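Values in this document were obtained by computation on a predicted structure and should not be read as measured data. Heavy atoms only: backbone and side chains are in, while hydrogens, waters and symmetry mates are out. So you know, we letter chains A, B, ... as the sequences are listed, proteins then strands, and number each from 1.
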2 protein chains.
Amino acid sequence: MTIKRPRTRRKLGRRTVSELVVVRLILYRRILRDLAFSGTRYVFSHQLAILADVTPEQLRRDLMNVRYEGSPTRGYEVVALEERIGAFLDPPTTQSVALVGVGNLGRALFAYFLGRRPLLQIVAAFDIDPAKVDRMINGCPSYHISEARTVMRDKGINVAMIAVPAAAAQSVADILVEAGVRSLLNFADVRLRLPPDVYVEHIDIGVTLEKVAFFARRPVAAAKDVGPA
Amino acid sequence: MTIKRPRTRRKLGRRTVSELVVVRLILYRRILRDLAFSGTRYVFSHQLAILADVTPEQLRRDLMNVRYEGSPTRGYEVVALEERIGAFLDPPTTQSVALVGVGNLGRALFAYFLGRRPLLQIVAAFDIDPAKVDRMINGCPSYHISEARTVMRDKGINVAMIAVPAAAAQSVADILVEAGVRSLLNFADVRLRLPPDVYVEHIDIGVTLEKVAFFARRPVAAAKDVGPA
DNA sequence: GCGGCGCTGTGAAACGCATAACAGCGTTCT
DNA sequence: AGAACGCTGTTATGCGTTTCACAGCGCCGC
Ligand SMILES: NC(=O)c1ccc[n+]([C@@H]2O[C@H](COP(=O)([O-])OP(=O)(O)OC[C@H]3O[C@@H](n4cnc5c(N)ncnc54)[C@H](O)[C@@H]3O)[C@@H](O)[C@H]2O)c1
Ligand SMILES: NC(=O)c1ccc[n+]([C@@H]2O[C@H](COP(=O)([O-])OP(=O)(O)OC[C@H]3O[C@@H](n4cnc5c(N)ncnc54)[C@H](O)[C@@H]3O)[C@@H](O)[C@H]2O)c1
């Protein structure tokens, strides 16, 4: 959903990997986990590609980045590939995440991330409402936003999600960045303006729904890939 | 956040407009609304561009698609441009939307869309849990998923949001499509496999948070646009 | 009144990404 | 055993989008 900003890249060895590749690798990894869970041992590029909704060529190309080689006859070994992608994606240690804004969306996010992703844990919530502060929310302490700096430092948090009203989002973001957060996921419907060394991703549900509604009215897609004669 | 699928396009006159342009137009329009609300009458491309986090060139190029001409000296007239974009984006009549899955996320979405966007209204909720069915949720009736076909037809719904567990998402999507839905916004973390004439957009919050966390660890971006000498 | 400025609209170039095409090779079937 | 198949890794091609660059022009100041 996101707009411009010079594409952030990250080096692996001497290669450089685009954001789009990173996103797809994350997706592949999740699918591989599901496959492993269901007992699948080997998988071909075209099978994985269907599950990820990409072309097999793109999948193979993406896999070049993590230096994992499959067998032409067996395909890819599920757990080995999953681990190889993990070695590229995962942090050396568990990453701590903060969530700012314990409203409707914030609480839903809490419920969602509970127990998933052991390497990515929400360890602090922030709000400005006295009624929501200094309590436990899903087993996680909530603080007043004014304590951001202290808490971030003590818990080593460098990632945050913003789920506050649009009017408050920019000021909250500024506080977070000042408190040492390097990377933000923003749900409020305002584009945040931040220093270029801070990574920001916007999830703009309102815009996305409008987009979906817009394309519900489009002329029928040129279905060029319907079945063979 | 979304992956591939041949870009959906839509004709305007004899031109064709890409998804990316549509998204940005939606965004511009929202910003213009805010500007109008705050009393601004004229705006230059570089000002609007900052608010939208795009380059002025891209903004102007996007505006070519809606055939609105600004004045070199005054810039764009806020309300006129807003209306012109609206004429391109908006449906001839109010569009009805369904929401499937009245769990944590579903309820948050309800709260969020309440009263916004008069042209885009949630008019029906669906669930499978007897406790959540046949009641009013934020002034909107909820039905058992088995009634989908009837309700969709009666209310003329062709857009739906999916907020059910991943395991149920594909079957729910199939039901919706069969009931006449043309366009879907899916929050469950599975890629839906649907006929090519159905438009699907995925909002994959888990993947997005992983992405954000990944780039929190990146080398500092090459800040090439820092201030002048 | 005229020159210069700064903005818009747009053609042309550059870039990044996806798609297509192909070489290598282990397996399997004849 | 030999040949043919199918899948992988990789190089090359094409396309869509963004960025650059500039022509046109109304206004403002001199
Ligand atoms: N609810 C949704 O499904 C949804 C969907 C899309 C976008 N959003 C966006 O997410 C944001 C939150 O939505 P919501 O529905 O949870 O709203 P909400 O009103 O339920 O919750 C907002 C929370 O932020 C807190 N808050 C306000 N100002 C703050 C500040 N300065 N510092 C810290 N906390 C502050 C409030 O006390 C409240 O708890 C909004 O910007 C909304 O546009 C929500
Ligand atoms: N909560 C979040 O913030 C969040 C974030 C990202 C993604 N998601 C995804 O959104 C989906 C919903 O999340 P949630 O937190 O609201 O879960 P939830 O368990 O709170 O709600 C799911 C709802 O779907 C209903 N349901 C189950 N099967 C159904 C079916 N076949 N037909 C109709 N309704 C059915 C359940 O009765 C329940 O009300 C999940 O796929 C989740 O992965 C949620």
Please report the distance, rounded to the nearest Å, between [atom1] in [X] and [atom2] in [N].
X: Leu59(B); N: dC7(C); atom1: CG; atom2: C1'; result: 13 Å
X: Leu81(B); N: dG9(C); atom1: CG; atom2: C1'; result: 14 Å
X: Gln58(B); N: dT17(D); atom1: CD; atom2: C1'; result: 8 Å
X: Phe44(B); N: dT8(C); atom1: CZ; atom2: C1'; result: 10 Å
X: Leu48(A); N: dT8(D); atom1: CG; atom2: C1'; result: 14 Å
X: Asp62(B); N: dT19(D); atom1: CG; atom2: P; result: 11 Å
X: Met64(A); N: dT8(D); atom1: CE; atom2: P; result: 14 Å
X: His46(B); N: dG9(C); atom1: NE2; atom2: P; result: 14 Å

Whichever of Glu57(A) and Thr73(B) has its nearest DNA chain C nucleotide further upstream toward 5': Thr73(B)

Cation-pi geometry met for Arg74(B) and Tyr42(B) (6.0 Å, 45°):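 Yes, Arg74(B) and Tyr42(B) form such a contact.
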
Looking at [N], I'd like to know if its phosphate oxygens (OP1 or OP2) sit under 4.0 Å from a side-chain N or O belonging to [X].
X: Arg60(A); N: dG9(D); answer: no
X: Thr55(B); N: dT19(D); answer: yes
X: Arg24(A); N: dA18(C); answer: yes

Minimum-distance nucleotide to [X] side chain [options: [options]]:
X: Tyr76(A); options: dG9(D), dA18(C), dT18(D); result: dG9(D)
X: Glu69(A); options: dT19(C), dT18(D), dG9(D); result: dG9(D)
X: Ser18(B); options: dA21(D), dT17(D), dG6(D); result: dT17(D)
X: Pro72(A); options: dT18(D), dC7(D), dT19(C); result: dC7(D)

More than 12 heavy atoms of other groups within 6.0 Å of Arg41(B) CZ: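 Not more than 12 within 6.0 Å, no.
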
Under 3.5 Å: donor-acceptor pair, side chain of Thr208(B), backbone of Asp204(B):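 Yes; at least one donor-acceptor contact below 3.5 Å.
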
Sugar-phosphate only, base, or nothing, as touched by Tyr68(B) at under 4.0 Å among non-hydrogen atoms: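 Contact class for Tyr68(B): sugar-phosphate only.
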
Salt-bridge contact Arg193(B)-Asp174(B) (side-chain N to carboxylate O under 4.0 Å):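 Salt bridge: no.
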
Salt bridge flag under 4.0 Å for residues Arg29(B) and Asp90(B):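 A salt bridge links Arg29(B) with Asp90(B).
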
Distance-only donor-acceptor test (3.5 Å): side chain Arg61(A), base dT11(D): yes

